[in-house]
Amino acid sequence: MAAISLTDKVALITGGAHRIGGAVARALHSQGMRLVIHYHASEAAAHALQSELHQTRPDSVMLVRGDLGSGERLARNLVFETVEAFKRLDVLVNNASQFYATEFGQATESQWEEILGINLKAPFFLAQAAAPHLKKSGGTIVNISDIYGERPLINYPIYSISKAGLVMLTKSLARELGPEVRVNGIAPGVILWPETGLDEMSKQRIISRTPLKRSGEPSDIASAAVFLIRDASYITGQVIAVDGGRFVVI
């Protein structure tokens with residue numbers, strides 16, 4: 001089947017200002033899509049990305065700031081502002097994520113609420129708010145999960161639980177929203193190192209246990225997102241590991 005044209009279609013990307021979210025934004029914009037990029041703290045990066053993309057196509061990117069931890073109200077507002085600005089919604093990319101250690105025995109309820117709120121609750125309520133518009137356009141949801149949603153990461157139990165929930169959310173929504181809307185996920189492996197907490201020796205140890213013996217790039221995740229949105233018209237309810245094969249050995 002021929003690839004779907006994405007020209008002038010609209011994507012809402014959470015946490016889309018930089019890192020993996022920024023790469024996905026660039027890739028979808030290069031396909032002709034108009035974007036609503038959500039950000040929270042990364043204001044400078046968001047405006048820089050908007051300026052970069054507007055050099056290619058003016059007025060094709062809108063920025064929306066908000067704390068996804070605020071839950072259903074922000075989810076409704078993000079979807080409302082997207083449709084208000086561009087009159088449609090074709091793609092929802094749930095990329096925003098909280099990642100930090102919560103060692104068992106010392107984890108707190110506030111950590112649980114923050115990580116689960118952003119990594120799982122927000123994607124659920126965003127999907128719920130977006131569903132009527134996605135059904136109308138025959139749209140797609142892509143959830144950015146993690147290989148640790150299937151294999152837990154030591155000292156990160158709350159994070160691992162949140163991503164496991166996102167895997168099940170992906171599968172559940174595929175059943176709830178089909179046949180009009182496809183829902184899939186991407187589980188990155190070593191793409192970008194955490195900004196703190198890993199020394200060089202630890203990084204090399206991880207790479208040595210990866211069959212491809214190298215880390216990936218944000219563009220690898222972006223390419224997978226384009227595939228799931230544009231080319232994978234008969235794929236739904238799946239989570240694709242983009243991890244250099246690390247999932248088979250951890």
Colleague: Is K163 close to N119 at the side-chain level, that is, under 4.5 Å between some pair of heavy atoms?
Modeller: yes
Colleague: Measuring only between side-chain heavy atoms, which start at C-beta, is N94 closer than 4.5 Å to I144?
Modeller: no
Colleague: Any donor-acceptor pair under 3.5 Å linking the side-chain atoms of N143 with those of T170?
Modeller: yes
Colleague: What I want to check is whether the side chains of Y39 and Q50 have a donor and an acceptor closer together than 3.5 Å.
Modeller: no
Colleague: Considering only heavy atoms from C-beta outward, does the side chain of D90 approach that of L6 to under 4.5 Å?
Modeller: no
Colleague: Should we count CZ of R57 as having more than 12 external heavy atoms under 6.0 Å?
Modeller: yes
Colleague: Would you say S160's side chain and P157's backbone share a donor-acceptor pair under 3.5 angstrom?
Modeller: no
Colleague: Closer than 3.5 angstrom, by distance alone: can the side chain of R230 be matched with the main-chain N or O of L28 as a donor-acceptor pair?
Modeller: no
Colleague: Are I235 and F227 side-chain neighbours, meaning at least one heavy-atom pair lies under 4.5 Å?
Modeller: yes
Colleague: Please confirm whether the backbone N or O of G15 pairs with a side-chain atom of H40, one donor and one acceptor, at under 3.5 Å?
Modeller: no
Colleague: What's the verdict on side-chain contact (heavy atoms from CB on, under 4.5 Å) for L134 and L177, showing C-alpha distance, side-chain angles and the deciding distance?
Modeller: CA-CA 9 Å; L134 294 174; L177 299 179; 5.6 Å; no
Colleague: State whether the side chain of R65 and the backbone N or O of A41 hold a donor-acceptor pair below 3.5 Å, judged by distance alone.
Modeller: no
Colleague: Check step by step if side-chain contact (heavy atoms from CB on, under 4.5 Å) holds for H38 and L68.
Modeller: CA-CA 9 Å; H38 156 269; L68 288 177; 3.6 Å; yes
Colleague: CZ of F80: more than 12 outside heavy atoms within 6.0 angstrom?
Modeller: no
Colleague: Does the gap between the ring centers of Y156 and Y100 come in under 6.0 Å?
Modeller: no
Colleague: Could you tell me whether the side chain of Q111 and the main chain of T108 form a donor-acceptor pair under 3.5 Å?
Modeller: yes
Colleague: Between the main-chain N or O of G237 and the side-chain N or O of N184, is there a donor-acceptor pair closer than 3.5 Å?
Modeller: yes
Colleague: Output every pair passing salt bridge (Lys or Arg N to Asp or Glu O under 4.0 Å) with a member in residues 20-38, not counting sequence neighbours, ordered by first then second residue.
Modeller: R26-E52
Colleague: Give a yes or no on whether the backbone of I118 and the side-chain of K121 come within a donor-acceptor separation of less than 3.5 Å.
Modeller: no
Colleague: Within a 6.0 Å radius of atom CD on E176, are there more than 12 heavy atoms belonging to other residues, nucleotides or ligands?
Modeller: no
Colleague: Could you please spell out the steps behind the side-chain contact (heavy atoms from CB on, under 4.5 Å) verdict for W112 and I161?
Modeller: CA-CA 10 Å; W112 174 277; I161 290 164; 4.0 Å; yes
Colleague: Does the side-chain contact (heavy atoms from CB on, under 4.5 Å) test come out yes or no for V36 and L78, once each step is laid out?
Modeller: CA-CA 9 Å; V36 174; L78 284 175; 5.6 Å; no
Colleague: Each residue besides V239 in its hydrophobic cluster should be listed here, by chain and number; the cluster joins Ile, Leu, Val, Met, Phe, Trp and Tyr at side-chain heavy-atom distances under 4.5 Å.
Modeller: V167
Colleague: State whether a side-chain donor-acceptor pair under 3.5 Å links T56 with H29.
Modeller: no
Colleague: If we ignore hydrogens and angles and just use 3.5 Å, is the side chain of S145 paired with the main-chain N or O of I186 as donor and acceptor?
Modeller: no
Colleague: For T210 and R246, indicate whether the former's side chain and the latter's backbone hold a donor-acceptor pair under 3.5 Å.
Modeller: no
